Every structure is written in structure tokens, then in C-alpha cells.
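The sequence lines fix the lettering, A, B, ..., with proteins before strands; numbering per chain opens at 1. Because the structure is a prediction, the values reported are computed rather than measured.
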Amino acid sequence: MARKLLLNNVHIEGIHTYDVYRKNGGYSAVEKALKTMSPDDIVEEVKKSGLRGRGGAGFPTGMKWSFLAKPEGVPRHLLCNADESEPGTFKDRYLMEKIPHLLIEGMILSSFALGANQSYIYIRGEYMFVLRIVEKAIAEAYANGWLGKNILGTGYDLDLSITPGAGAYICGEETALIESLEGKRGNPRMKPPFPAIQGLWQRPTVVNNVETIAAVVPIVNDGGDEYAKIGIGRSTGTKLISASGNVNKPGVYEIELGLSVEEFIYSDQYLGGMKNGKRLKACIPGGSSVPILPHYLVCKTANGEDRLMSYESLADGGFQSGSMLGSGGFIVYDEEQCIVRNTWNFARFYHHESCGQCSPCREGTGWMEKVLHRLEEGHGTLADIDLLWDIQRKIEGNTICPLGDAAAWPVAAAIRHFREEFEWHVNEPKESQIRNYGLVAEKSFQTENA
Amino acid sequence: MSDQIQKFTVTIDGKTVQVDPGTTILNAARMIGGNVVPPAMCYYSSLKGSGGKCRTCLVEVSKGSEKDPRPMPKLVASCSTTVMDGMEVKNKSSEKVLDARKGVVEFLLINHPLDCPVCDQAGECHLQDLAFEHGVGQSRYEFERRTFDKVDLGEYIKLHMTRCILCYRCVYTANQLTDNREHGVLKRGDAAEISTFIEKNLHNDFIGNVIDVCPVGALTDKTFRFRSRVWYTKPMDASCSCDKCSGNAVLWMIGDEIARVTARKDQYGEVKEFICNDCRFNKKEKSQWNIEGPRKISRHSVISANHYEREIPKHTVLLNKA
Amino acid sequence: MENNQRIELPQHLLDEVQRVISLFPEGKQKSALLRVLHIAQAHFGWLSVDVMDYVARLLHIQPIEVYEVATFYSMYDTQQVGKVKLEVCRTGPCMIEGAENIVNYIEKKLGIKDGETTADGMFTLKTVECLGACGYAPMLQAGEKFHEHLTEEKVDALIEAYRSNPVANYMGENQNG
Ligand SMILES: Cc1cc2nc3c(=O)[nH]c(=O)nc-3n(C[C@H](O)[C@H](O)[C@H](O)COP(=O)(O)O)c2cc1C
Ligand code: SF4
Ligand code: SF4
Ligand code: SF4
Ligand code: FES
Ligand code: FES
């Protein structure tokens, strides 16, 4: 039976309230940690657990924590990244809506481990209704002595609050998040200095994803070794997956890392297979930024091995034939979907979200969108496909922050695996319009070309 | 004593120099000079926080340092990356750099009007130089270009946002020359534009310097008389006694008349001594200045090389002068 | 000047502003800016220059610091909008579940195009990027509320509900279901 560590209690009536959460064992990890463990003990357990960042990059959390500078007399901060704006991703919202105290408990543990006395949750502005749920839970935690001064009489003080963004995907990038939390535009900072040295208000800062922080609760409760027993290789523990697209049961799932992709898509316990009996065409396993996989590389790797839901297996084959676990935004496409149209759609997203600081991303994302739109509309040329390839190549790796890469990768992967479909849009513009927009499109296409 | 200060050795395109720790690759390259210096469109030594944005100064670090010789995986912005001891850098000797830079120049130009023939900056424009040196000839961009209306920022400065490359230099200048935050960037992505609120800021005696820091023709001097091509004017070093600034400036003369006044720029186009509005905008009489002699334009630019003139259709120039 | 005098948040929202400021250390009140702008926008309907200047005064910062921020984030309206904003997600996962049909349906029903406001000033239609409801697509946000698994019938119902009872976007009042 698959084990759940974060969502095991999620179906209990009223679990979002303090009383029910507490009755079901909530805050026991805080009791354990503050009374019997030192901050370094917690860091040690997190290291042992093998927990890796759940926000997208997959960086080992324990190692990240040990980089935090600790100059005498300078406050340090823990920031929780609840910006969650990567298309295809909605797991953090689910966790915060359903079981907000789990995040708060994780924040207390992690703040204690890092020696932070003032921590913030930065949540995307569109989740204002979730902010209210979490804010209420924070108030309950204060009222019951889990936050504030001298928690459990241990002398440890912690203030925690939640603060909104206002519509900007880029604020999920950790230095943009910090800028935004300082009340500024979400322009990513140049690194170095890294946040671990100079972050919020130039103080040492750690930024972690909601799910990463929540995972610290079971790690403290059961021990890092126990956590590391779940999963496969360097992909330990469980992972929340947000599933969307043409499947029978989209939604948020907690899986044990190492589950086979095939089982995840087709078994009734998870996505229940393709909707309306259609065939699988492609899958983006880790949010819109990661490379798309054509159907023959979804359940098997290029070597013919089973593809697993793990950092390593999803990346197997590199960008040639693999992808990434990313944020766990799992988007499934059936045979009716148009890759050109979808790539254009995502290109428009990145163009919309570029902060505009650096020239390759500011100018290149808009250019890609326009060329893709032209191709999608059936007005493109074969040379446009090569042009697109060249534009994405000149953005990738040349920008201030990884948004440039995130905009380039989906375009590169789509051309790499679906070049024929791009060419079809060029060679059979009418057919492609009818496929995408039905017979109405045929008419407009004829009048336009008349 | 001095040999006790540890220096770092850095090699750029095969040329070696010793620099203080903390020096950026770009500044190390400038110490060597010549061809190894990467172009810099946004960095400005005297402006805190500048750099990192335009990406024209990208270089390849083929050896990280003596201690950790691994190459850096990505190209880095030389203006905001500090050197390590034993670092080896490739600028013009790297295909990757030349290719990426060509890309950056193309990106900077896709939404740029390239109306040099009617632009005040032509002849002393860093973007024009850059396009000439690294450009790709024909642009592959076939869509409508972004345009903005021209705006007057008070009686002295004109903003032609269509030409702006969002280097942020004017923002840092306005904010660092005054006590308050008064100037900024509005909107985001390729819709971003610099604010026009500097207008409110004209009480500041030094605001005119935003014109000199602007690498392109986005911020120009409304008091520029005759609106001539720069290469028809003769730059003269001149000074005056001024109680607000050093009074060291450059007069751009046409015959005996002062067409405009600017601060003195070094070979990288950077102003070392900012001048006040009074000297810049209000002293247009030769008698107000002590002329020291012709200014040597050392910059490798179209002003001296006169490259661009050939490409401008004659009638455009005439019309413009009329 | 006269105009400026009318711009003033009511006491309960001023208290909320003070509470939000107190979440940050002394001297870091600028960190409250994004939330205070949400409060001001919900109360005044949109962020005019006068409202932004007022927010600058509330937080003791320069007006330009507010303009820069208000124009960066997509949730802020620096132009007047309708009482209820219908923001339909159009990003990939919603697109393949028929977001475009929903947009077309609303356009027809209200007689407005994307970005426009109905003549009575009631509804503004806006297409937006992924709101984190991809598994429950298609979806739209109105005020603070998410409406998911949209159908034409659901759209009809929610438009009627908002017409008789527009959303108050802040402090949870009048939140329609
Ligand atoms: C453009 C961009 C958007 C991002 N968005 C998010 C996000 O919404 N949530 C998140 O947790 N991490 C996001 N990240 C990753 C963060 O920068 C950072 O790596 C992460 O919050 C670290 O937390 P973790 O180590 O717990 O994963 C984003 C990164 C980039 C470059
Ligand atoms: S890559 Fe894009 S989002 Fe990142 S700093 Fe540059 S312009 Fe901004
Ligand atoms: S700013 Fe420079 S490149 Fe642009 S039009 Fe003027 S002279 Fe030409
Ligand atoms: S106006 Fe000139 S100085 Fe200011 S950002 Fe634009 S290009 Fe740079
Ligand atoms: S000069 Fe280095 S990025 Fe612009
Ligand atoms: S794509 Fe519409 S909510 Fe994510």
C-alpha cells in the first residue's frame, strides 16, 4: 500500500482547524523538536532524509540549510515559497487549503532548525482565499502557544505571517520573491550574493517550497532514516503531483517516489487512464517549463527501461529523450491536442511573465510567441521552425535568472520531438486549422487567403 | 609594503593582468585594453547596482581559478562577475561568446526603430557601434515593432522611449544623484518603460546627466541647437567656473556657435565628473567658457570612423537639417 | 487637492493596514505595499494616481515606489474596471479543456471582448494566465473566488449571482458562491 506522509489525514473532517489537527497528532513534531532536539539535530535528520527541494530544482534541503550564513547579531529569515504559478501546478494550494497547520508546523520546525525568529509565507496574490485560511490557522497557532514568545517554555521565539504577491510568476524565483517581499517589483537579483548570505533585507535567508517545509514534519516525527526508506535511490520520500489534462481523474496525488509513470497514468488509484478512451500523445511531467515527452518516451526511457516518477528516471536521457520532475505539474495530452498550439500557448505565458530586466528574455520571449503564433495560424514557413530553434538557443543560459531557460526549453523540446507537426502546419495550413478549430476555421482561413 | 597586497592573476584572450581581488572581469579587461574589452551597454562604474542586464558583456570562463580550474558551465556577465586568482577568460576568442553576443545584439534591435538617420544620438550611439561591430546585418524580425510617443520631460529633456534599451542607467543616475527615489521603471517585460516622473525632478541640479549616461538616443537634450549630426560638430574641451559642479565639460561647436554641452566621457563612454544643469543647458555663449582645445574622441566609434555616414541617404540628412 | 480629500480608507481598513504593517520589522513597512494595494484596490475599485499617492503617504514611501509596483503586477488595475472582474484562465491545461469556449461564451453573453467592460460598468472580462486550478479546468476567478469545472450553465448562474450581488474583494464580505 502506498504510504502518505503529508496527505494521510487530509480527508478527516475539519482537519483544517486547530483542534482536529491537534487531536490527530498535530504539533507533536514541534513538541519533540523543541524539547528534545537541538537545531543542528533537525538539520542532521533532514540531511539523513535525503529530502530534496519540491519547488522545482530538487536541491538537497539539508545541504541548502547548512549554507546559511550565521553572523553574530544579524537576524536570519526563513521564507516559504507559496507563489505556485508554474502552469500545471496546484499542489501547494491543495495542501494549504486542506491542512494549513501542517505547513505552520513545518515552518516552526524549519525556523527553529535555522535559528530564524521571523518567518514569512509568500503566497501568490490570486490565492487570497487560501491566504485567509492560512492566516486563520496562524492565529490559532498563536492562540495555542505554538507561535510567539517563549514557545513551550523553551525560550524560542517565532513570529510567522503570510503575505501576498499580486500576479507575477517570476516572484516564484527566490530572489524575485525576496524583492517582492520587500515591497518592490519582482526583478530577480544578480547572484552572487546568494540569499543564504544576503537575502531579505540583506540578511541571511533560506527560501523553501511549501511541500519541502511540510515534509520536515514527518521527518522530525519518524526520523530522517525512516523517511529515506521510502522512494528510490536519491529520490527519497513522497511527492505531491498535480495532474491535469486529458485523464479521467485529474487532481493532487501524493505518491511514493519511484512509482512507475505507467501505473500513475493508467491505474485507478491514480489518474485512471486517458479520458474517453483516447490515446496518449504526449506528457509534460514537471510543469510547463520542463521538456515535453512524446508518447513513446513517457512510460519507457530511450533504453527501454520503465520510466519512474523520480528525479533521476524522469531526467534519464537528458534533454534528448528525457525531461524533469520539476514542480510535479503533470500534464497529459491526448491524440487530439496540437503541440504547436500548446507550445505557442506556453510561449505566450513566458512572454507575459518576463520581468523585462535582461534583453534575451525580454525581447526573445515575445519574438518566440509571435513566430509560434504565425506557425499555429498556418501562416508560417519552414524557415520559421529553424528561426525558433535559433531564438530559444540564444536565450537559454544567457539570462539573469532561469525564467529564460524555462521559456526556451519547452520550445526546444517541442521542435525536437514534434518537428513533423510543425512542418504539417506549414505544409497543410488548412488541415491544421480544421483540426484545431473545426470547420468554422476553414471559412475564415479561406476568406483570409482570398 | 605594496607587494604584500595580494593580487589576482587573470588571463583574457591570452593576455594576462594582475588585479586587486574584487575586480570584475570587465574592469580587468579594461585594464588590458584594446580588443579584449567586452562591450557594455548597461554597466556604468559610478552607478551602484548597474550592470548585469543587457548581456552584451557575456564572456566564457574557461578556467575558474588556480584552485578550482573547472570552467564555468554558462557564459557570465563580465561586468558583474569578479575575478578569481588564475582565472582564464575568453572574449573574442570564444565562438560561444561571439554567437551569444550576436544574439543579444539582435534581441536589442528587434524592437528598436533603427532610425539613425533622424536620431540625435547617431554618431555617438553605443547601440549603433555595437550593431555595426557584432550585428547580423539583416534582422530576421518581421513583426510590428513596439513604439511609444515622444515625451517632453520638462523643458530640457526629451524621452524617446521607442529607442530605450532598458539599461536602467538613468534610473540609477536620478536616484543616486538625489536623496529620494524619484525615477523608476514602469510595467514589465517588453512593455516596460522608464517613468516620466523625472519631470517632477527638474529642481535637481544634476538631472541633466541622465542624457549623458543614456547609451542610446532615448534621452536627449532639448536645448541641442541646430539638431545636427554629431559628426558635423567639433567637440572642444572647455571649462568654466561654476559653484555647483567642476565646470569641466565638452562643447560641441558648429563654427563659432555652441550646439550643445555635455560632460566629458572616457573611452568607454562613461562620465567621470557629472555636470550641473546650468552648465549643460544654459551656457550656450562662447564667452561663458574657457576653451582648452579640441577633444580627442578616443572611442572606437562611428564618430571618429565615420562609418555610418555612408549609409544615410543624402536627402534624409538634408531634410533633417532643413 | 479636493480630489485627494475624498481618498481615505474607512477606519476598519486603516486598522487592517496598521496590522499588516506590524507584521514587518520597524522601518520595513514598505513590505506591506503589495497587500495595502490589494486593500486599496478592493475599496476604491481601481488604482488611480491619487489612490497610489495616498498609499505612498500611508506607507511613508515615494509615489514612484508605488507606481513601479502597481504597474508590475498583473492583478492591479491602473485603469478603471467593472464592479466584477471575470478572469478566465487561458493557459495550456485550461486551454485543452475548453477555456476558449468559455471566453467566447462570456463575450457573446455580455457583448464585450477580452479586456472590455460592459456599458453598465458591471462586468470586465479578462483572460489571465494559470491560476493554479489546472486539474479543475476550465476555470475563472471573480473577486477572490475561484469557479472551477466551468460549463455554460455555470457561467450563466454565476453571472446572475454577481449581477445581484457584486463581490467585495477584500475582508471576505459578500463573497458569492
Ligand atoms: C521563474 C521561476 C519560478 C519559480 N516558481 C516557483 C514557485 O512558484 N514555487 C516554488 O516553490 N519554487 C519556485 N521556483 C524555484 C525557486 O526559485 C526556489 O528554487 C525554490 O523555492 C526553493 O525551494 P525548494 O528548495 O524547497 O524547492 C521558481 C523558479 C523560477 C526560476
Ligand atoms: S530571465 Fe527574464 S525574468 Fe529573469 S531576470 Fe531576465 S528578463 Fe527577468
Ligand atoms: S539610438 Fe542609436 S541605434 Fe537607435 S536610432 Fe538612435 S543612433 Fe540609431
Ligand atoms: S532611457 Fe536611456 S538610460 Fe534610461 S533605461 Fe532607457 S536606454 Fe537606459
Ligand atoms: S554591461 Fe554587463 S550585462 Fe550589461
Ligand atoms: S492552466 Fe488554468 S488554472 Fe492552471
Side-chain angles (χ1 to χ4, degrees), chain A residues 75 84-90 92-94 118 120 124-132 159 161-169 171 180-187 200-201 242-246 249-252 284 288 329 331 333-334 336-337 341-342 345-346 348-349 352-353 355 437, chain C residues 19-20 22-25 27-38 41-42 59 61 65-76 87 89-97 99-100 127-137 139 141 143-146 148-149 169-172 175:
Chain A
E84 193 165 67
S85 311
E86 169 103 351
T89 316
F90 46 99
D92 295 338
R93 164 192 165 192
Y94 185 87
Q118 190 151 32
Y120 297 94
R124 65 180 298 182
E126 296 90 337
Y127 284 178
M128 195 62 90
F129 63 101
V130 184
L131 177 144
R132 296 190 192 291
D159 280 314
S161 57
I162 183 164
T163 185
Y169 165 63
C171 291
S180 185
L181 196 36
E182 292 183 1
K184 302 181 193 156
R185 297 159 65 81
N187 285 347
L200 182 65
W201 303 312
S242 328
S244 63
N246 309 120
K249 297 197 296 171
V252 175
I284 297 176
S288 61
I331 314 169
Y333 297 88
D334 70 22
E336 309 233 306
Q337 304 310 326
R341 187 166 175 222
N342 192 71
N345 184 291
F346 284 150
R348 187 197 59 211
F349 171 81
H352 185 258
E353 300 302 333
C355 85
Y437 298 101
Chain C
R19 185 186 72 83
V20 173
S22 75
L23 300 176
F24 301 97
K28 307 293 183 198
Q29 78 284 357
K30 187 174 170 182
S31 286
L33 176 57
L34 273 69
R35 190 148 181 190
V36 174
L37 282 173
H38 281 301
Q41 173 159 308
L59 291 177
I61 56 179
E65 297 177 84
V66 181
Y67 309 153
E68 285 181 325
V69 164
T71 56
F72 183 89
Y73 295 93
S74 63
M75 288 179 76
Y76 298 132
E87 300 181 289
C89 170
R90 57 173 183 172
T91 311
C94 278
M95 175 188 75
I96 66 177
E97 291 292 314
E100 230 156 84
T127 52
V128 296
E129 302 295 350
C130 179
L131 292 177
C134 330
Y136 326 113
M139 67 84 65
Q141 175 163 31
E144 289 182 11
K145 177 119 181 126
F146 278 17
E148 301 171 331
H149 297 297
N169 321 44
Y170 201 78
M171 305 286 278
Q175 197 65 64

Would C:Glu148 and A:Arg93 count as a salt bridge (charged side-chain N to carboxylate O under 4.0 Å, His left out) if you check the C-alpha gap in whole Å, the side-chain angles of each, and the deciding distance to 0.1 Å?
CA-CA 14 Å; C:Glu148 301 171 331; A:Arg93 164 192 165 192; 2.8 Å; yes
Taking the side chain as C-beta and beyond, is there a heavy-atom pair between [X] and [Y] under 4.5 Å?
X        : Y        : value
A:Trp201 : C:Lys28  : yes
C:Pro25  : A:Gln118 : yes
C:Glu68  : A:Lys184 : no
C:Ser31  : A:Tyr120 : no

Inter-residue atom distance [X].[atom1] - [Y].[atom2], 0.5 Å rounding:
X        : Y        : atom1 : atom2 : result
A:Thr163 : C:Leu33  : OG1   : CG    : 10.0 Å
A:Glu126 : C:Ser74  : CD    : OG    : 5.5 Å
C:Glu129 : A:Phe346 : CD    : CZ    : 10.0 Å
C:Ile96  : A:Asn342 : CD1   : CG    : 6.5 Å

Could you check A:Asp159 against C:Phe24 for side chain to side chain contact (heavy atoms under 4.5 Å, CB included), going step by step and ending with a plain yes or no?
CA-CA 10 Å; A:Asp159 280 314; C:Phe24 301 97; over 6 Å; no
Measuring heavy-atom distances to chain C, does [X] have an atom under 4.5 Å in its side chain, in its backbone, in both, or in neither?
X        : value
A:Ile331 : side chain
A:Asn246 : both
A:Thr89  : backbone

Does the pair A:Glu182 and C:Lys30 meet the rule for a side chain to side chain contact (heavy atoms under 4.5 Å, CB included), with working shown?
CA-CA 6 Å; A:Glu182 292 183 1; C:Lys30 187 174 170 182; over 6 Å; no
Test: A:Arg132 and C:Glu144 ion pair at under 4.0 Å
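Salt bridge flag = yes for C:Glu144 with A:Arg132.
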Can a salt bridge be assigned to the pair A:Arg185 and C:Glu65 using a cut-off of 4.0 Å between side-chain N and carboxylate O?
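So A:Arg185 does not pair with C:Glu65 through a salt bridge.
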Using every non-hydrogen atom in the two residues, find where A:Tyr127 and C:Leu131 come nearest and quote the distance to one decimal.
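So the two residues come closest at CE2-O, 3.2 Å.
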Side-chain donor/acceptor of A:Asn345 to backbone N/O of C:Gly92, under 3.5 Å:
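Yes: the side chain of A:Asn345 pairs with the backbone of C:Gly92.
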Polar side-chain atom of A:Ser244 near backbone of C:Pro93 as donor-acceptor pair, under 3.5 Å:
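Such a contact is absent between A:Ser244 side chain and C:Pro93 backbone.
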Can you tell which part of C:Ala133 gets under 4.5 Å to a heavy atom of chain A, answering side chain, backbone, both or neither?
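Both parts, backbone and side chain.
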Counting only non-hydrogen atoms closer than 4.5 Å, does C:Glu87 touch chain A with its backbone (N, CA, C, O), its side chain (CB onward), both, or neither?
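Nothing of C:Glu87, per the 4.5 Å heavy-atom cut-off to chain A.
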Would you check, one step at a time, whether the test side chain to side chain contact (heavy atoms under 4.5 Å, CB included) holds for A:Met128 with C:His38?
CA-CA 10 Å; A:Met128 195 62 90; C:His38 281 301; 3.8 Å; yes
Could you list the residues that satisfy ring-ring contact (aromatic ring centres under 6.0 Å, His included) with C:Tyr73, not counting sequence neighbours?
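C:Tyr73 satisfies ring-ring contact (aromatic ring centres under 6.0 Å, His included) with no residue once adjacent residues are dropped.
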